[in-house]
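For clarity, every value in this text was computed on a predicted model and none was experimentally measured. Lettering follows sequence order; numbering is per chain, from 1.
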2 protein chains.
Amino acid sequence: MLSASIEDYIKAIYALQTDRETASTKRIAERLGVKMASVTGMIKHLAAEGYAKHKPYRGAVLTERGKRVALGMIRRHRLIELFLASTLGLSWDELHADAELLEHAVSDRLIERMFEYLGRPQFDPHGSPIPSRDGSMTPRHSSRLDELALGDTGKVVAVSGRDPEFLRYLTDLNLRIGSKILVRDRAPFNGPITLRVGSRTIAIGHEAAARIRVSVDAPTKGARKPKPEVKRGSRTSRRAHKRR
Amino acid sequence: MLSASIEDYIKAIYALQTDRETASTKRIAERLGVKMASVTGMIKHLAAEGYAKHKPYRGAVLTERGKRVALGMIRRHRLIELFLASTLGLSWDELHADAELLEHAVSDRLIERMFEYLGRPQFDPHGSPIPSRDGSMTPRHSSRLDELALGDTGKVVAVSGRDPEFLRYLTDLNLRIGSKILVRDRAPFNGPITLRVGSRTIAIGHEAAARIRVSVDAPTKGARKPKPEVKRGSRTSRRAHKRR
DNA sequence: GTATAAACTTTGTCATGCCTAAGTTTTGTT
DNA sequence: AACAAAACTTAGGCATGACAAAGTTTATAC
(Lines give C-alpha, C1' and ligand atoms only; values in the text may rest on other atoms or scores of the structure.)
Protein backbone atom coordinates (compact mmCIF):
# COMPACT_ATOMS: atom_id res chain seq x y z
CA MET A 1 0.00 0.00 0.00
CA LEU A 2 1.32 3.40 -1.00
CA SER A 3 1.37 6.21 1.51
CA ALA A 4 -0.81 9.25 1.00
CA SER A 5 2.33 11.32 0.42
CA ILE A 6 3.58 9.11 -2.35
CA GLU A 7 0.18 9.13 -4.00
CA ASP A 8 0.12 12.92 -3.88
CA TYR A 9 3.55 13.20 -5.46
CA ILE A 10 2.63 10.83 -8.25
CA LYS A 11 -0.56 12.73 -8.94
CA ALA A 12 1.30 16.02 -9.00
CA ILE A 13 3.96 14.74 -11.38
CA TYR A 14 1.30 13.31 -13.64
CA ALA A 15 -0.58 16.60 -13.81
CA LEU A 16 2.59 18.58 -14.48
CA GLN A 17 4.02 16.29 -17.11
CA THR A 18 0.72 16.36 -18.97
CA ASP A 19 1.30 20.06 -19.64
CA ARG A 20 5.01 20.15 -20.23
CA GLU A 21 6.98 17.03 -20.94
CA THR A 22 8.50 16.89 -17.50
CA ALA A 23 7.65 17.86 -13.92
CA SER A 24 10.15 20.24 -12.39
CA THR A 25 11.14 20.11 -8.75
CA LYS A 26 9.98 23.66 -8.22
CA ARG A 27 6.50 23.12 -9.60
CA ILE A 28 5.98 19.91 -7.69
CA ALA A 29 7.00 21.72 -4.53
CA GLU A 30 4.58 24.58 -5.19
CA ARG A 31 1.73 22.23 -5.97
CA LEU A 32 2.17 20.16 -2.84
CA GLY A 33 3.11 23.00 -0.52
CA VAL A 34 6.48 21.52 0.45
CA LYS A 35 10.07 22.67 -0.02
CA MET A 36 12.16 21.72 -2.98
CA ALA A 37 14.54 19.70 -0.84
CA SER A 38 11.67 17.44 0.17
CA VAL A 39 10.70 16.98 -3.44
CA THR A 40 14.18 15.94 -4.49
CA GLY A 41 14.18 13.38 -1.73
CA MET A 42 10.83 11.96 -2.74
CA ILE A 43 11.64 11.90 -6.44
CA LYS A 44 14.65 9.77 -5.66
CA HIS A 45 12.48 7.47 -3.64
CA LEU A 46 9.93 7.22 -6.44
CA ALA A 47 12.71 6.50 -8.90
CA ALA A 48 14.10 3.78 -6.64
CA GLU A 49 10.65 2.19 -6.44
CA GLY A 50 10.14 2.34 -10.19
CA TYR A 51 7.35 4.91 -10.29
CA ALA A 52 9.36 7.68 -11.92
CA LYS A 53 12.58 8.51 -13.66
CA HIS A 54 14.75 11.19 -12.17
CA LYS A 55 16.99 13.23 -14.42
CA PRO A 56 18.94 15.32 -11.94
CA TYR A 57 18.42 19.07 -12.44
CA ARG A 58 15.91 18.14 -15.13
CA GLY A 59 12.84 17.12 -13.21
CA ALA A 60 10.89 13.87 -13.03
CA VAL A 61 8.86 11.78 -15.45
CA LEU A 62 6.54 8.94 -14.45
CA THR A 63 7.18 5.42 -15.67
CA GLU A 64 4.32 3.34 -17.00
CA ARG A 65 3.94 1.98 -13.50
CA GLY A 66 3.72 5.49 -12.10
CA LYS A 67 1.17 6.52 -14.69
CA ARG A 68 -0.98 3.58 -13.78
CA VAL A 69 -1.00 4.71 -10.17
CA ALA A 70 -1.77 8.29 -11.21
CA LEU A 71 -4.73 7.26 -13.34
CA GLY A 72 -6.01 5.12 -10.51
CA MET A 73 -5.90 8.11 -8.19
CA ILE A 74 -7.64 10.31 -10.72
CA ARG A 75 -10.32 7.67 -11.12
CA ARG A 76 -10.84 7.59 -7.37
CA HIS A 77 -10.85 11.33 -7.09
CA ARG A 78 -13.39 11.88 -9.83
CA LEU A 79 -15.69 9.10 -8.73
CA ILE A 80 -15.66 10.45 -5.20
CA GLU A 81 -16.50 13.93 -6.46
CA LEU A 82 -19.36 12.63 -8.51
CA PHE A 83 -20.60 10.49 -5.65
CA LEU A 84 -20.59 13.38 -3.21
CA ALA A 85 -22.33 15.61 -5.73
CA SER A 86 -24.95 12.98 -6.50
CA THR A 87 -25.77 12.03 -2.93
CA LEU A 88 -25.10 15.03 -0.72
CA GLY A 89 -25.57 17.56 -3.48
CA LEU A 90 -22.28 19.33 -2.93
CA SER A 91 -21.75 22.15 -5.41
CA TRP A 92 -18.80 21.94 -7.76
CA ASP A 93 -16.78 24.49 -5.85
CA GLU A 94 -16.99 22.36 -2.70
CA LEU A 95 -16.10 19.01 -4.18
CA HIS A 96 -12.41 19.10 -4.82
CA ALA A 97 -11.15 19.65 -1.28
CA ASP A 98 -13.17 16.82 0.24
CA ALA A 99 -12.36 14.41 -2.57
CA GLU A 100 -8.69 15.23 -2.09
CA LEU A 101 -8.88 14.01 1.49
CA LEU A 102 -11.03 10.99 0.79
CA GLU A 103 -9.15 9.61 -2.18
CA HIS A 104 -6.48 8.20 0.11
CA ALA A 105 -8.93 6.59 2.49
CA VAL A 106 -11.64 5.02 0.34
CA SER A 107 -11.15 1.30 -0.27
CA ASP A 108 -11.08 -0.14 -3.77
CA ARG A 109 -14.25 -1.99 -2.99
CA LEU A 110 -16.04 1.23 -2.15
CA ILE A 111 -14.77 2.90 -5.31
CA GLU A 112 -16.23 0.12 -7.42
CA ARG A 113 -19.51 0.29 -5.52
CA MET A 114 -19.67 4.01 -6.25
CA PHE A 115 -18.90 3.37 -9.89
CA GLU A 116 -21.84 0.99 -10.18
CA TYR A 117 -24.12 3.16 -8.07
CA LEU A 118 -23.43 6.10 -10.37
CA GLY A 119 -24.20 4.04 -13.46
CA ARG A 120 -20.63 3.60 -14.69
CA PRO A 121 -20.20 7.28 -15.40
CA GLN A 122 -17.68 8.66 -17.89
CA PHE A 123 -17.35 12.21 -16.60
CA ASP A 124 -17.08 13.95 -13.26
CA PRO A 125 -19.01 17.04 -12.14
CA HIS A 126 -16.44 19.32 -13.78
CA GLY A 127 -16.78 17.48 -17.07
CA SER A 128 -13.41 15.77 -16.75
CA PRO A 129 -13.25 12.18 -17.97
CA ILE A 130 -13.07 9.39 -15.38
CA PRO A 131 -10.35 6.88 -16.25
CA SER A 132 -11.61 3.33 -16.55
CA ARG A 133 -10.14 0.63 -14.36
CA ASP A 134 -7.56 -0.15 -17.04
CA GLY A 135 -6.53 3.49 -17.32
CA SER A 136 -8.22 4.54 -20.55
CA MET A 137 -10.22 7.74 -20.75
CA THR A 138 -13.02 8.73 -23.07
CA PRO A 139 -11.57 11.59 -25.09
CA ARG A 140 -13.50 14.83 -25.17
CA HIS A 141 -13.69 16.70 -28.43
CA SER A 142 -14.04 20.24 -27.30
CA SER A 143 -12.69 23.73 -27.87
CA ARG A 144 -11.50 26.37 -25.48
CA LEU A 145 -14.16 29.04 -25.16
CA ASP A 146 -11.61 31.76 -25.89
CA GLU A 147 -10.96 30.20 -29.28
CA LEU A 148 -14.53 30.28 -30.49
CA ALA A 149 -15.48 32.55 -33.38
CA LEU A 150 -18.09 35.25 -33.32
CA GLY A 151 -21.49 33.73 -33.78
CA ASP A 152 -20.46 30.25 -32.69
CA THR A 153 -22.87 28.38 -30.46
CA GLY A 154 -22.14 25.41 -28.27
CA LYS A 155 -22.46 23.76 -24.93
CA VAL A 156 -20.12 23.93 -21.94
CA VAL A 157 -18.74 20.42 -21.41
CA ALA A 158 -15.92 20.96 -18.91
CA VAL A 159 -13.93 23.44 -16.91
CA SER A 160 -10.29 22.97 -16.11
CA GLY A 161 -9.75 24.91 -12.88
CA ARG A 162 -10.71 23.59 -9.45
CA ASP A 163 -10.31 26.83 -7.59
CA PRO A 164 -13.55 27.41 -5.65
CA GLU A 165 -13.47 31.16 -6.34
CA PHE A 166 -13.36 30.53 -10.06
CA LEU A 167 -16.13 27.97 -9.93
CA ARG A 168 -18.36 30.24 -7.88
CA TYR A 169 -17.69 33.01 -10.38
CA LEU A 170 -18.92 30.76 -13.17
CA THR A 171 -21.98 29.85 -11.15
CA ASP A 172 -22.75 33.55 -10.74
CA LEU A 173 -22.54 33.94 -14.52
CA ASN A 174 -24.99 31.08 -14.92
CA LEU A 175 -22.29 29.03 -16.58
CA ARG A 176 -22.32 25.36 -15.69
CA ILE A 177 -21.77 22.05 -17.38
CA GLY A 178 -24.39 21.79 -20.10
CA SER A 179 -25.03 25.54 -20.42
CA LYS A 180 -25.73 26.59 -23.99
CA ILE A 181 -23.79 29.61 -25.11
CA LEU A 182 -23.56 31.90 -28.13
CA VAL A 183 -20.54 34.11 -28.81
CA ARG A 184 -21.90 37.63 -29.22
CA ASP A 185 -18.72 39.64 -29.31
CA ARG A 186 -14.98 39.31 -29.04
CA ALA A 187 -13.10 42.44 -28.00
CA PRO A 188 -9.64 42.82 -29.57
CA PHE A 189 -6.33 42.64 -27.68
CA ASN A 190 -7.45 39.70 -25.56
CA GLY A 191 -10.35 41.73 -24.30
CA PRO A 192 -13.52 40.22 -22.84
CA ILE A 193 -15.74 37.85 -24.73
CA THR A 194 -19.44 38.59 -24.67
CA LEU A 195 -21.73 35.61 -24.48
CA ARG A 196 -25.38 34.82 -24.53
CA VAL A 197 -26.10 32.28 -21.75
CA GLY A 198 -29.73 31.33 -21.56
CA SER A 199 -31.51 34.67 -21.45
CA ARG A 200 -28.57 36.57 -20.00
CA THR A 201 -25.74 38.36 -21.74
CA ILE A 202 -22.43 38.24 -19.93
CA ALA A 203 -18.85 39.30 -20.51
CA ILE A 204 -15.99 37.04 -19.54
CA GLY A 205 -12.23 37.62 -19.59
CA HIS A 206 -9.82 35.63 -21.71
CA GLU A 207 -8.17 33.96 -18.79
CA ALA A 208 -11.45 32.53 -17.51
CA ALA A 209 -12.66 31.69 -21.02
CA ALA A 210 -9.51 29.66 -21.66
CA ARG A 211 -10.46 27.37 -18.77
CA ILE A 212 -13.88 26.59 -20.19
CA ARG A 213 -14.26 23.79 -22.71
CA VAL A 214 -17.13 23.95 -25.16
CA SER A 215 -18.47 21.50 -27.68
CA VAL A 216 -19.25 23.74 -30.65
CA ASP A 217 -22.41 23.15 -32.68
CA ALA A 218 -22.05 22.47 -36.37
CA PRO A 219 -22.92 25.71 -38.20
CA THR A 220 -26.52 25.91 -39.41
CA LYS A 221 -27.44 26.79 -42.96
CA GLY A 222 -28.39 30.38 -42.13
CA ALA A 223 -25.88 33.06 -43.15
CA ARG A 224 -23.13 33.57 -40.60
CA LYS A 225 -19.91 35.49 -40.54
CA PRO A 226 -17.07 32.99 -40.83
CA LYS A 227 -13.83 33.55 -38.97
CA PRO A 228 -11.38 31.21 -40.59
CA GLU A 229 -8.21 32.19 -38.74
CA VAL A 230 -9.38 30.71 -35.46
CA LYS A 231 -8.43 27.06 -35.26
CA ARG A 232 -10.38 24.64 -33.20
CA GLY A 233 -10.53 21.02 -32.20
CA SER A 234 -13.07 18.57 -33.49
CA ARG A 235 -16.68 19.51 -32.97
CA THR A 236 -18.36 16.21 -32.28
CA SER A 237 -21.40 16.88 -30.16
CA ARG A 238 -21.49 14.87 -26.97
CA ARG A 239 -24.07 14.42 -24.31
CA ALA A 240 -23.40 16.45 -21.23
CA HIS A 241 -22.67 14.77 -17.95
CA LYS A 242 -25.76 13.49 -16.21
CA ARG A 243 -26.68 15.31 -12.97
CA ARG A 244 -29.42 14.34 -10.57
CA MET B 1 -5.86 18.65 13.99
CA LEU B 2 -5.36 15.31 15.70
CA SER B 3 -3.53 12.53 13.92
CA ALA B 4 -5.34 9.36 12.96
CA SER B 5 -3.25 7.48 15.52
CA ILE B 6 -4.24 9.73 18.36
CA GLU B 7 -7.88 9.49 17.37
CA ASP B 8 -7.65 5.71 17.34
CA TYR B 9 -6.09 5.60 20.80
CA ILE B 10 -8.74 7.89 22.23
CA LYS B 11 -11.49 5.78 20.70
CA ALA B 12 -9.94 2.60 22.07
CA ILE B 13 -9.58 4.01 25.56
CA TYR B 14 -13.15 5.23 25.47
CA ALA B 15 -14.49 1.85 24.47
CA LEU B 16 -12.45 0.05 27.11
CA GLN B 17 -13.23 2.39 29.97
CA THR B 18 -16.92 2.10 29.19
CA ASP B 19 -16.74 -1.57 30.20
CA ARG B 20 -14.31 -1.44 33.08
CA GLU B 21 -13.47 1.77 34.83
CA THR B 22 -10.07 2.06 33.22
CA ALA B 23 -8.29 1.10 30.00
CA SER B 24 -5.27 -1.12 30.56
CA THR B 25 -2.15 -0.87 28.45
CA LYS B 26 -2.50 -4.48 27.39
CA ARG B 27 -6.04 -4.16 26.16
CA ILE B 28 -5.36 -0.97 24.27
CA ALA B 29 -2.41 -2.66 22.60
CA GLU B 30 -4.52 -5.66 21.60
CA ARG B 31 -7.29 -3.51 20.24
CA LEU B 32 -5.02 -1.39 18.11
CA GLY B 33 -2.63 -4.13 17.07
CA VAL B 34 0.45 -2.44 18.50
CA LYS B 35 2.92 -3.35 21.25
CA MET B 36 2.49 -2.33 24.83
CA ALA B 37 5.56 -0.13 24.72
CA SER B 38 3.94 1.97 22.02
CA VAL B 39 0.82 2.30 24.08
CA THR B 40 2.69 3.54 27.12
CA GLY B 41 4.35 6.15 24.95
CA MET B 42 1.10 7.35 23.47
CA ILE B 43 -0.72 7.39 26.80
CA LYS B 44 1.94 9.72 28.12
CA HIS B 45 1.51 11.91 25.11
CA LEU B 46 -2.27 11.96 25.54
CA ALA B 47 -1.82 12.81 29.21
CA ALA B 48 0.54 15.66 28.34
CA GLU B 49 -2.02 17.03 25.89
CA GLY B 50 -4.85 16.79 28.37
CA TYR B 51 -6.86 14.04 26.69
CA ALA B 52 -6.26 11.37 29.32
CA LYS B 53 -4.94 10.73 32.78
CA HIS B 54 -2.19 8.22 33.15
CA LYS B 55 -1.84 6.30 36.37
CA PRO B 56 1.38 4.37 35.83
CA TYR B 57 0.88 0.59 35.96
CA ARG B 58 -2.83 1.33 36.34
CA GLY B 59 -3.96 2.17 32.84
CA ALA B 60 -5.50 5.28 31.34
CA VAL B 61 -8.74 7.21 31.77
CA LEU B 62 -9.98 9.92 29.42
CA THR B 63 -10.49 13.45 30.66
CA GLU B 64 -13.66 15.33 29.72
CA ARG B 65 -11.70 16.71 26.79
CA GLY B 66 -10.74 13.23 25.70
CA LYS B 67 -14.30 11.99 26.01
CA ARG B 68 -15.50 14.81 23.82
CA VAL B 69 -13.07 13.73 21.13
CA ALA B 70 -14.13 10.10 21.49
CA LEU B 71 -17.82 10.91 21.12
CA GLY B 72 -17.04 13.02 18.10
CA MET B 73 -15.26 10.09 16.51
CA ILE B 74 -18.11 7.74 17.32
CA ARG B 75 -20.54 10.21 15.78
CA ARG B 76 -18.45 10.35 12.61
CA HIS B 77 -18.08 6.61 12.49
CA ARG B 78 -21.76 5.86 12.88
CA LEU B 79 -22.91 8.53 10.48
CA ILE B 80 -20.48 7.26 7.87
CA GLU B 81 -21.76 3.72 8.35
CA LEU B 82 -25.33 4.81 7.97
CA PHE B 83 -24.50 6.94 4.97
CA LEU B 84 -22.73 4.10 3.19
CA ALA B 85 -25.56 1.72 3.98
CA SER B 86 -28.19 4.20 2.77
CA THR B 87 -26.49 5.16 -0.46
CA LEU B 88 -24.36 2.26 -1.62
CA GLY B 89 -26.39 -0.35 0.17
CA LEU B 90 -23.46 -1.92 1.99
CA SER B 91 -24.54 -4.73 4.27
CA TRP B 92 -23.90 -4.41 7.98
CA ASP B 93 -20.99 -6.81 7.94
CA GLU B 94 -19.17 -4.66 5.38
CA LEU B 95 -19.65 -1.28 7.01
CA HIS B 96 -17.31 -1.20 9.92
CA ALA B 97 -14.00 -1.58 8.12
CA ASP B 98 -14.65 1.15 5.59
CA ALA B 99 -16.04 3.54 8.17
CA GLU B 100 -12.93 2.94 10.26
CA LEU B 101 -10.78 4.22 7.41
CA LEU B 102 -13.02 7.10 6.44
CA GLU B 103 -13.67 8.51 9.89
CA HIS B 104 -10.23 10.10 9.91
CA ALA B 105 -10.58 11.65 6.47
CA VAL B 106 -14.12 13.01 6.25
CA SER B 107 -14.37 16.74 6.94
CA ASP B 108 -16.69 18.11 9.60
CA ARG B 109 -18.66 19.80 6.88
CA LEU B 110 -19.27 16.50 5.13
CA ILE B 111 -20.32 14.84 8.37
CA GLU B 112 -22.95 17.50 8.94
CA ARG B 113 -24.15 17.18 5.36
CA MET B 114 -24.55 13.45 5.88
CA PHE B 115 -26.40 14.06 9.11
CA GLU B 116 -28.93 16.28 7.34
CA TYR B 117 -29.12 14.02 4.29
CA LEU B 118 -29.95 11.08 6.54
CA GLY B 119 -32.69 13.03 8.31
CA ARG B 120 -30.84 13.66 11.57
CA PRO B 121 -30.78 9.99 12.49
CA GLN B 122 -30.46 8.70 16.03
CA PHE B 123 -29.17 5.20 15.36
CA ASP B 124 -26.66 3.55 13.07
CA PRO B 125 -27.21 0.37 11.01
CA HIS B 126 -26.26 -1.79 14.00
CA GLY B 127 -28.78 -0.03 16.20
CA SER B 128 -26.14 1.87 18.14
CA PRO B 129 -27.01 5.43 19.09
CA ILE B 130 -25.32 8.26 17.21
CA PRO B 131 -23.99 10.91 19.60
CA SER B 132 -25.31 14.38 18.92
CA ARG B 133 -22.91 17.20 18.19
CA ASP B 134 -22.80 18.07 21.88
CA GLY B 135 -22.02 14.48 22.84
CA SER B 136 -25.36 13.29 24.17
CA MET B 137 -26.81 9.97 23.08
CA THR B 138 -30.39 8.79 23.00
CA PRO B 139 -30.50 5.99 25.54
CA ARG B 140 -31.85 2.66 24.39
CA HIS B 141 -34.09 0.72 26.70
CA SER B 142 -33.40 -2.82 25.70
CA SER B 143 -32.60 -6.24 27.10
CA ARG B 144 -30.01 -8.77 26.17
CA LEU B 145 -31.61 -11.56 24.21
CA ASP B 146 -30.06 -14.17 26.50
CA GLU B 147 -31.92 -12.65 29.44
CA LEU B 148 -35.39 -12.93 27.97
CA ALA B 149 -37.92 -15.30 29.52
CA LEU B 150 -39.67 -18.13 27.81
CA GLY B 151 -42.60 -16.80 25.83
CA ASP B 152 -41.28 -13.26 25.64
CA THR B 153 -41.69 -11.45 22.35
CA GLY B 154 -39.83 -8.41 21.14
CA LYS B 155 -37.92 -6.72 18.41
CA VAL B 156 -34.19 -6.72 17.75
CA VAL B 157 -32.98 -3.15 18.20
CA ALA B 158 -29.20 -3.47 18.22
CA VAL B 159 -26.23 -5.81 18.09
CA SER B 160 -23.01 -5.15 19.89
CA GLY B 161 -20.36 -6.98 17.87
CA ARG B 162 -18.87 -5.66 14.64
CA ASP B 163 -17.18 -8.86 13.58
CA PRO B 164 -18.27 -9.55 9.99
CA GLU B 165 -18.48 -13.29 10.64
CA PHE B 166 -20.89 -12.73 13.49
CA LEU B 167 -23.01 -10.32 11.49
CA ARG B 168 -23.21 -12.68 8.52
CA TYR B 169 -24.24 -15.44 10.90
CA LEU B 170 -27.11 -13.31 12.14
CA THR B 171 -28.11 -12.52 8.58
CA ASP B 172 -28.21 -16.24 7.85
CA LEU B 173 -30.52 -16.70 10.82
CA ASN B 174 -32.78 -13.97 9.43
CA LEU B 175 -31.98 -11.83 12.42
CA ARG B 176 -31.60 -8.14 11.64
CA ILE B 177 -32.48 -4.83 13.21
CA GLY B 178 -36.25 -4.77 13.49
CA SER B 179 -36.76 -8.54 13.38
CA LYS B 180 -39.60 -9.71 15.60
CA ILE B 181 -38.74 -12.63 17.79
CA LEU B 182 -40.45 -14.97 20.23
CA VAL B 183 -38.56 -17.02 22.80
CA ARG B 184 -39.63 -20.63 22.28
CA ASP B 185 -37.23 -22.48 24.50
CA ARG B 186 -34.29 -21.93 26.77
CA ALA B 187 -32.04 -24.92 27.34
CA PRO B 188 -30.50 -25.13 30.82
CA PHE B 189 -26.77 -24.76 31.62
CA ASN B 190 -26.33 -21.85 29.19
CA GLY B 191 -27.58 -24.01 26.39
CA PRO B 192 -29.01 -22.67 23.17
CA ILE B 193 -32.06 -20.44 23.03
CA THR B 194 -34.74 -21.36 20.55
CA LEU B 195 -36.47 -18.50 18.80
CA ARG B 196 -39.27 -17.92 16.41
CA VAL B 197 -38.10 -15.36 13.81
CA GLY B 198 -40.72 -14.60 11.23
CA SER B 199 -41.79 -18.01 10.02
CA ARG B 200 -38.54 -19.74 10.94
CA THR B 201 -37.48 -21.39 14.16
CA ILE B 202 -33.82 -21.08 15.02
CA ALA B 203 -31.48 -21.97 17.85
CA ILE B 204 -28.83 -19.55 18.97
CA GLY B 205 -26.04 -19.91 21.53
CA HIS B 206 -25.73 -17.86 24.65
CA GLU B 207 -22.65 -16.03 23.53
CA ALA B 208 -24.32 -14.77 20.38
CA ALA B 209 -27.59 -14.05 22.17
CA ALA B 210 -25.79 -11.88 24.70
CA ARG B 211 -24.69 -9.59 21.87
CA ILE B 212 -28.22 -9.01 20.65
CA ARG B 213 -30.33 -6.28 22.24
CA VAL B 214 -34.08 -6.63 22.14
CA SER B 215 -36.91 -4.32 23.08
CA VAL B 216 -39.36 -6.64 24.80
CA ASP B 217 -43.09 -6.26 24.20
CA ALA B 218 -45.33 -5.62 27.17
CA PRO B 219 -47.05 -8.94 27.99
CA THR B 220 -50.49 -9.33 26.46
CA LYS B 221 -53.54 -10.30 28.51
CA GLY B 222 -53.52 -13.90 27.27
CA ALA B 223 -52.17 -16.50 29.70
CA ARG B 224 -48.41 -16.84 29.64
CA LYS B 225 -45.91 -18.63 31.77
CA PRO B 226 -44.10 -16.01 33.83
CA LYS B 227 -40.45 -16.41 34.67
CA PRO B 228 -39.88 -13.97 37.47
CA GLU B 229 -36.24 -14.72 38.25
CA VAL B 230 -34.95 -13.23 35.01
CA LYS B 231 -34.35 -9.52 35.47
CA ARG B 232 -34.54 -7.17 32.52
CA GLY B 233 -34.22 -3.56 31.59
CA SER B 234 -37.13 -1.29 30.78
CA ARG B 235 -39.38 -2.42 28.00
CA THR B 236 -40.30 0.75 26.25
CA SER B 237 -41.08 -0.02 22.66
CA ARG B 238 -39.05 2.02 20.18
CA ARG B 239 -39.21 2.44 16.48
CA ALA B 240 -36.56 0.51 14.68
CA HIS B 241 -33.93 2.29 12.72
CA LYS B 242 -35.12 3.52 9.36
CA ARG B 243 -33.61 1.75 6.34
CA ARG B 244 -34.17 2.67 2.72
C1' DG C 1 32.22 34.58 -21.88
C1' DT C 2 31.64 35.62 -17.30
C1' DA C 3 28.81 36.87 -13.45
C1' DT C 4 24.64 36.45 -11.13
C1' DA C 5 20.25 34.48 -10.37
C1' DA C 6 17.33 30.61 -10.31
C1' DA C 7 16.73 25.88 -9.93
C1' DC C 8 18.23 21.97 -7.92
C1' DT C 9 20.70 18.59 -4.72
C1' DT C 10 23.09 17.21 -0.51
C1' DT C 11 23.61 16.87 4.24
C1' DG C 12 22.14 16.95 8.66
C1' DT C 13 18.16 17.57 11.82
C1' DC C 14 13.54 16.93 13.73
C1' DA C 15 8.73 15.03 14.90
C1' DT C 16 5.77 11.12 14.75
C1' DG C 17 4.86 6.64 15.82
C1' DC C 18 6.25 2.33 15.68
C1' DC C 19 9.59 -1.55 17.48
C1' DT C 20 12.90 -4.60 20.60
C1' DA C 21 15.24 -5.43 24.70
C1' DA C 22 15.83 -4.67 29.32
C1' DG C 23 14.28 -3.22 33.69
C1' DT C 24 10.34 -2.32 37.14
C1' DT C 25 5.93 -2.97 39.46
C1' DT C 26 1.96 -5.66 40.44
C1' DT C 27 -0.42 -9.93 40.92
C1' DG C 28 -0.93 -14.64 41.79
C1' DT C 29 0.70 -18.92 43.75
C1' DT C 30 2.34 -21.70 47.11
C1' DA D 1 6.32 -13.99 52.78
C1' DA D 2 8.76 -15.14 48.69
C1' DC D 3 9.04 -16.23 44.03
C1' DA D 4 7.39 -16.43 39.37
C1' DA D 5 4.46 -14.66 35.88
C1' DA D 6 2.05 -10.99 33.93
C1' DA D 7 1.63 -6.27 33.16
C1' DC D 8 3.86 -2.29 32.50
C1' DT D 9 7.59 1.30 31.65
C1' DT D 10 12.10 2.92 30.02
C1' DA D 11 15.73 3.35 26.79
C1' DG D 12 17.45 3.11 22.41
C1' DG D 13 16.56 2.51 17.49
C1' DC D 14 14.31 2.79 12.96
C1' DA D 15 11.27 4.44 8.93
C1' DT D 16 8.77 8.18 7.02
C1' DG D 17 8.53 12.62 5.47
C1' DA D 18 9.18 17.11 6.46
C1' DC D 19 12.75 21.24 7.11
C1' DA D 20 17.05 24.57 6.86
C1' DA D 21 21.47 25.50 5.40
C1' DA D 22 25.03 24.92 2.31
C1' DG D 23 26.78 23.46 -1.98
C1' DT D 24 26.16 22.48 -7.16
C1' DT D 25 24.32 22.98 -11.77
C1' DT D 26 21.82 25.44 -15.27
C1' DA D 27 19.89 29.60 -17.18
C1' DT D 28 20.06 34.54 -17.91
C1' DA D 29 22.04 38.99 -18.49
C1' DC D 30 25.32 41.85 -19.82
ring-ring contact (aromatic ring centres under 6.0 Å, His included) filter on Phe83(A), not counting sequence neighbours, yields Tyr117(A), Phe83(B)
Whether the side chain of Ser86(B) engages the backbone of Leu82(B) through a donor-acceptor N/O pair (distance < 3.5 Å, no angle test) should be reported. yes
Problem - dT10(C) phosphate, OP1 or OP2, under 4.0 Å from Lys44(A) side-chain N/O - result: yes
- prompt: Quick one: is Arg27(B) getting a side-chain N or O under 4.0 Å of the dA6(D) phosphate, OP1 or OP2?
  reply: no
- Task: Inspect the contact between Glu21(B) and Arg58(B) and indicate whether a charged nitrogen and a carboxylate oxygen are less than 4.0 angstrom apart.
- Result: no
Met36(B) CE to dC8(D) P, in whole Å, measures 5 Å
Checking dC8(C), dC8(D), dA18(D) against the side chain of Thr40(B) (C-beta onward), the nearest is dC8(D)
| So, does His206(A) use its side chain to make a donor-acceptor pair with the main chain of Gly191(A) at under 3.5 Å? | yes
Under 4.0 Å between a side-chain N or O of Ser3(B) and OP1 or OP2 of dG17(C)? yes
Can you tell me if the side-chain N/O atoms of His54(B) get under 4.0 Å from OP1 or OP2 in dT9(D)?
yes
* Asked: Looking across every strand, which nucleic acid part, if any, lies under 4.0 Å from Ser38(B) by heavy atom: base, sugar-phosphate, or nothing?
  -> base
Does Arg76(B) reach the main-chain N or O of His104(B) with its side chain, forming a donor-acceptor pair under 3.5 Å?
no
So does Thr25(A) get a side-chain nitrogen or oxygen closer than 4.0 Å to the phosphate oxygens (OP1/OP2) of dT9(C)?
yes
Side-chain contact check for Tyr57(A): nearest option of dA18(D), dG23(D), dA20(D) is dG23(D)
Quick one: is dA7(C) close enough that its OP1 or OP2 comes under 4.0 Å of any side-chain N or O from Lys26(A)? yes
The helix from dG1(C)-dC30(D) to dT30(C)-dA1(D): angle between terminal helix axes, five bp per end, to the nearest 10 degrees, reads 0°
Practice problem: Taking only Lys NZ, Arg NE, NH1 and NH2, and the carboxylate oxygens of Asp or Glu, determine whether Arg65(A) and Glu49(A) approach each other closer than 4.0 Å. | Solution: no
* Asked: For dC18(C), does either OP1 or OP2 sit under 4.0 Å from a side-chain N or O belonging to Tyr9(B)?
  -> yes
- Item | More than 12 heavy atoms from other groups under 6.0 Å of CD on Glu30(A) | yes
When rounded to whole Å, the CZ to P distance for the pair Arg58(B) and dA7(D) reads 13 Å
Winner on side-chain proximity to Val34(A), out of dC19(D), dT24(D), dC18(C), is dC19(D)
### Query
Is the distance from OP1 or OP2 of dT16(D) to the nearest side-chain N or O of Ser5(A) less than 4.0 Å?
no
